[in-house]
Amino acid sequence: MDYRAQVTNSIMNALNDELSSAVIYEKLERPKDLSMGDLAFPTFVLAKSMHMAPNKIAEDLVNKIDATNYEKVEVKGAYINFFLNKPNFGRDVLTTIIAEGAAYGQNDNGKGGNVPIDMSSPNIAKPMSMGHLRSTVIGNSIAKILTKNGYNPIKDNHLGDWGTQFGKLIVGYKKWGSEEEVRENPIDNLVKYYVRFHKEDQENPELDDEARDWFRKLEDGDEEATYLWKWFREESLKEFNSVYKKLGVGFDTYNGEAFYNDKMDKGINILKEKDLLHESQGASVVDLEKYGLNPALILKSDGATLYITRDIATALYRDKTYNPALNLYVVGSEQTYYFEQLKAVLKEMGVKSAENLHHIPFGLITVNGKKLSTRSGRIILLDEVLDAAIELAGKQINEKNPDLANKDEIARQVGVGAIIFGDLKNERTNNIDFVLEDQLRFEGETGPYVQYSHARAESILRKANNTNYNNSDMLINDANAWETLRILHDFPKVIQSACKDFEPSEIAKYSIRLAKAFNKYYAHSKILVEDQELPARLALVKSVSIVLKEALSLLGVEAPDEM
RNA sequence: GUUACAGUAGCUCAGCUGGAUAGAGCAACGGUCUUCUAAACCGUAGGUCGAGAGUUCGAAUCUCUCCUGUAACACCA
């Protein structure tokens, strides 16, 4: 039921066509305070045309409004405040949620359209750091939100498994490495070679030439180079997958950069056919002046490809394979300019999905204000952070709920939940200066707080003798429950908005609002009391449980029934 | 230097397309477990919304200028 439309109608009927219903609908606002009602109409807009003071307009108008469907309609200053009929509203909301269950809030706006999501994308032979967490977790959540909105997301782990760094890696491995070392501890040792390479090439710049040679060999299909590349890739993936498992994230495809290695000619040919490629200082560029952008470098002066060459191939492939409704790239905000260039180049090429290409940027993670970088050794290992969180969650369980069954698994859900939720709670684009203690908080507005609220709801349902709320009249006469009911009603709207903005934080904030309202209700009203309203109250608790669990699920966070 | 993004309580952040006395969470101080999980709830304290102009009935929110911070800016990704 659209209560905003109902209020709009009430106002329309009291007016003489001074405003269109669309304007009224849009002008209606939600008062901050419950004491000011549920929806409010500010009369300022009418002041000019009616030549009256807003306060006077409000007083006149309220007398013409038919208030029978409301608890009451009141004037306060220039505002007309509508108080909805709480029992009816509550019954509507609860009936809907109980009937729809986890599907509550689902819509079909996406009409099944394919949405490839470029996400996670760790680099082979480098450890996954907190930066990759962001792309992984944001992409994963957006995929779930898209599904809830009727799209068909395709999570693509666009592995960084190609590029000049492999030349460097091979040089490093051959000079200072050994097979045993890599077998024993792949990523640690590969990183060691890589870091050493960067240290030594400052003294011996000819190392860079060697690295370039090796990368050329790799591109040309040289046997040794290819063998090493494959091996490094395989070992790295093993480690990545254990982290993904811990996080509970999966992918539909792992089409890394190498996958597109033999698919780049097509893009280059289109560029040539359309005469978009120009030579500049020995390299090939596309001029983007009409977009207000610098030229995009497509081929290096030695003819080697670049990131963008592969991204063009990727776009062509996705265009052909998926005919995407949306084309998403969850990549750090430092690449915003690059994606503007990519989009412009694709537009010039006439690639269809360029129009629907969205870079979904997220803020940088720093330590003491400094950027992370593998080669300098300034890095936060994702796996270590997750383990620290899981360990702490385990400790908390031993203190608070020592008899809990399945402790390890729940510690994982809570610890990982804290990290994921912490990442998704705030606007994507905020930068984060990493402090471990900040990540390991389980109180206040955190993932565990929301999980705990859900577990409390489930606990009540377990203790209830019968949960036969299906036959309930769903009528609750309790002011303490009102805020919770209102928030439950908002869920479908929040799902749409989060999808439109590609913003998981909207879901996270919503889940906190709901958890907070429910905890308040829980603290002020006794639920398990044998009276007439018990079934309705249980329906409310069940609804809270359903929606909290679903909200967390949209974030990629699990909701244990006990913790 | 150019461009982009940011500047709100001690700290971390919310404040939707401008609207009613600027909100949370941490941290501080105080209160609430013989009764549904205290990872909770309730209260106290804490702010010239970076500065200044402008638009408007009305600005943390829109426009401009300035200050500060971060990032990007051709052979990395």
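Here is how names work: the chains are called A, B, and so on, in the same order as the sequence lines, proteins then strands, and each is numbered from 1.
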Participant: Using a 4.0 Å heavy-atom cut-off, does A:L538 contact any base of the nucleic acid, only the sugar-phosphate backbone, or nothing at all?
Facilitator: nothing
Participant: Using the glycosidic torsion, which applies to B:rC62: syn (within 90° of 0) or anti (everything else)?
Facilitator: anti
Participant: Taking atom CD of A:Q532 as the centre, does the number of heavy atoms from other residues, nucleotides or ligands within less than 6.0 Å exceed 12?
Facilitator: no
Participant: Among the candidates B:rA40, B:rU37, B:rA14, find the nucleotide nearest to the side-chain atoms of A:N426.
Facilitator: B:rA14
Participant: According to the Watson-Crick and G-U wobble definition with distances under 3.5 Å, which dot-bracket string, read 5' to 3', encodes RNA chain B, using [ ] for crossing pairs and | for pairs with another strand?
Facilitator: (((((((..((((.....[...)))).(((((.......))))).....(((((..]....))))))))))))....
Participant: Salt bridge (charged side-chain N to carboxylate O under 4.0 Å, His left out): which pairs involve residues 435-449 of chain A, sequence neighbours left out?
Facilitator: A:D438-A:R441, A:E445-A:K516
Participant: Using a 6.0 Å cut-off, check whether atom CD of A:E206 has over 12 heavy atoms from anything other than its own residue.
Facilitator: yes
Participant: Report the residues that fulfil ring pair (Phe, Tyr, Trp, His ring centres under 6.0 Å) with A:F82, sequence neighbours left out, ordered by chain and then residue number.
Facilitator: A:Y70
Participant: I'd like to know if A:N81 reaches the base of B:rA20 with its side chain, counting only an N/O donor and acceptor under 3.5 Å.
Facilitator: yes
Participant: Can you tell me, in whole Å, how much space there is between the P of B:rU21 and that of B:rA39?
Facilitator: 38 Å
Participant: Under a 4.0 Å threshold between the charged nitrogen and the carboxylate oxygen, would A:R212 count as salt-bridged to A:D209?
Facilitator: yes
Participant: Between the protein and nucleotides 56-59 of chain B, list the N/O to N/O atom pairs that are separated by less than 3.5 angstrom.
Facilitator:
| unit_1 | atom_1 | unit_2 | atom_2 | d |
| --- | --- | --- | --- | --- |
| B:rC57 | OP1 | A:K48 | NZ | 3.2 |

Participant: Mind telling me whether A:Y194 and A:H198 have parallel, tilted or perpendicular rings, with 30° and 60° as the class edges?
Facilitator: perpendicular
Participant: Mind checking if A:A40 touches a base, just sugar-phosphate, or nothing, with heavy atoms under 4.0 Å?
Facilitator: base
Participant: Which whole number of Å gives the distance between the C1' atom of B:rC75 and that of B:rU65?
Facilitator: 39 Å
Participant: Give me each pair satisfying salt bridge (charged side-chain N to carboxylate O under 4.0 Å, His left out) with a member in residues 292-313 of chain A, each pair once, sequence neighbours excluded.
Facilitator: A:E257-A:R310
Participant: Using the C1' atom as the reference point in each nucleotide, state the distance between B:rC16 and B:rA53 in Å, no decimals.
Facilitator: 27 Å
Participant: Please determine, for the side chain of A:M36, which listed nucleotide (B:rU21, B:rA39, B:rC41) has the closest atom?
Facilitator: B:rU21
Participant: Does OP1 or OP2 of B:rA38 have a side-chain N or O of A:Y449 closer than 4.0 Å?
Facilitator: no
Participant: Using a cut-off of less than 4.0 Å, is there contact between a side-chain N or O of A:K520 and OP1 or OP2 of B:rC42?
Facilitator: yes
Participant: Can you tell me how far P in B:rU55 sits from the matching atom in B:rA60, rounded to whole Å?
Facilitator: 16 Å
Participant: Whole Å only: how far is the NZ atom of A:K395 from the C1' atom of B:rA39?
Facilitator: 16 Å
Participant: Are A:K343 and A:E340 close enough for a salt bridge, meaning some N to O gap below 4.0 Å?
Facilitator: no
Participant: Taking protein heavy atoms under 4.0 Å as touching, what does nucleotides 69-77 of chain B look like 5' to 3' if B marks base contact, S marks sugar-phosphate-only contact and - marks none?
Facilitator: -SSSSBBSB
Participant: Determine the interplanar angle of the A:F339 and A:Y329 rings, folded into 0 to 90°, and report it as parallel if under 30°, tilted if 30 to 60°, perpendicular if over 60°.
Facilitator: tilted
Participant: Using whole Å, report how far NZ of A:K493 lies from P of B:rC16.
Facilitator: 14 Å
Participant: Side chains of residues 34-47 of chain A: which donor-acceptor pairs under 3.5 Å do they make with residues two or more places apart or in other chains?
Facilitator:
| unit_1 | atom_1 | unit_2 | atom_2 | d |
| --- | --- | --- | --- | --- |
| A:S35 | OG | A:D33 | OD1 | 3.1 |
| A:D38 | OD1 | A:W482 | NE1 | 3.0 |
| A:D38 | OD1 | A:R486 | NH1 | 3.2 |
| A:D38 | OD2 | A:L84 | N | 2.8 |
| A:T43 | OG1 | A:P54 | O | 3.0 |
| A:T43 | OG1 | A:A78 | O | 2.7 |

Participant: Considering only the C1' atoms, how many Å lie between B:rA14 and B:rG25, rounded to the nearest integer?
Facilitator: 10 Å
Participant: Pick base, sugar-phosphate or nothing for A:D561, based on heavy-atom distances below 4.0 Å to the nucleic acid.
Facilitator: base
Participant: Closer to the 5' end of RNA chain B via nearest nucleotide, is it A:K526 or A:D33?
Facilitator: A:D33
Participant: Just N and O in the side chain of A:K76: are any of them under 4.0 Å from OP1 or OP2 of B:rA20?
Facilitator: no
Participant: Crowded around A:E409 CD? As in, over 12 foreign heavy atoms under 6.0 Å?
Facilitator: yes
Participant: For atom P, what is the distance between B:rA22 and B:rU61, given to the nearest Å?
Facilitator: 15 Å
Participant: Report the residues that fulfil side-chain hydrogen bond (donor to acceptor under 3.5 Å, both in side chains) with A:S301, sequence neighbours left out, ordered by chain and then residue number.
Facilitator: none
Participant: Send over the distance from A:K400 NZ to B:rA38 C1', rounded to a whole Å.
Facilitator: 8 Å
Participant: What does the list of N/O pairs under 3.5 Å between the protein and nucleotides 26-34 of chain B look like, with a distance for each?
Facilitator:
| unit_1 | atom_1 | unit_2 | atom_2 | d |
| --- | --- | --- | --- | --- |
| B:rC26 | O2' | A:R441 | NH1 | 3.3 |

Participant: Taking the cut-offs as 6.0 angstrom to the six-membered ring centre and 45 degrees off its axis, would you call A:R456 and A:Y522 a cation-pi pair?
Facilitator: yes
Participant: Holding to ring pair (Phe, Tyr, Trp, His ring centres under 6.0 Å), I want the full list of residues that pass it with A:Y254, two or more places apart in sequence or in another chain.
Facilitator: A:F251
Participant: The side chain of A:M563 lies closest to which of these nucleotides: B:rU37, B:rC13, B:rU21?
Facilitator: B:rU37
Participant: Look at the side chain of A:I527 and decide which nucleotide, out of B:rA39, B:rA24, B:rC36, has an atom nearest to it.
Facilitator: B:rC36
Participant: Looking only at atom P, what distance separates B:rU35 and B:rU17, rounded to whole Å?
Facilitator: 47 Å
Participant: Over how many whole Å does the gap from A:Y521 atom OH to B:rA40 atom P extend?
Facilitator: 20 Å
Participant: Below the 4.0 Å mark, does B:rU37 have OP1 or OP2 next to a side-chain nitrogen or oxygen of A:S459?
Facilitator: yes
Participant: Between A:N519 and B:rA39, is there a side-chain N or O to OP1/OP2 distance below 4.0 Å?
Facilitator: no
Participant: Would you say A:Y522 places a side-chain N or O within less than 4.0 Å of OP1 or OP2 belonging to B:rA38?
Facilitator: yes
Participant: A:V414 near the nucleic acid: base, sugar-phosphate alone, or nothing, with a heavy-atom cut-off under 4.0 Å?
Facilitator: base
Participant: Taking only residues at least two apart or on different chains, which pairs with a member in residues 357-371 of chain A satisfy side-chain hydrogen bond (donor to acceptor under 3.5 Å, both in side chains)?
Facilitator: A:T366-A:D433
Participant: Between A:K463 and A:S35, which residue's closest nucleotide on RNA chain B lies nearer the 5′ terminus?
Facilitator: A:S35
Participant: In terms of side-chain heavy atoms of A:K509, which of B:rU37, B:rA14, B:rA39 is nearest?
Facilitator: B:rA14
Participant: Will you find, in the side chains of A:S49 and A:E18, an N or O donor that is under 3.5 Å from an N or O acceptor?
Facilitator: no
Participant: Of the nucleotides B:rA40, B:rC36, B:rA24, which one has an atom closest to the side chain of A:I460?
Facilitator: B:rC36
Participant: What is the nucleic acid contact for A:D438, judged by heavy atoms within less than 4.0 Å: base, sugar-phosphate only, or nothing?
Facilitator: nothing
Participant: Taking only the C1' atom of each, what is the distance from B:rA45 to B:rA28 in whole angstrom?
Facilitator: 8 Å
Participant: Just jot down the ring pair (Phe, Tyr, Trp, His ring centres under 6.0 Å) partners of A:H278, sequence neighbours excluded, or say none.
Facilitator: none
Participant: How many Å lie between CZ on A:R428 and P on B:rC5, as a whole number?
Facilitator: 14 Å
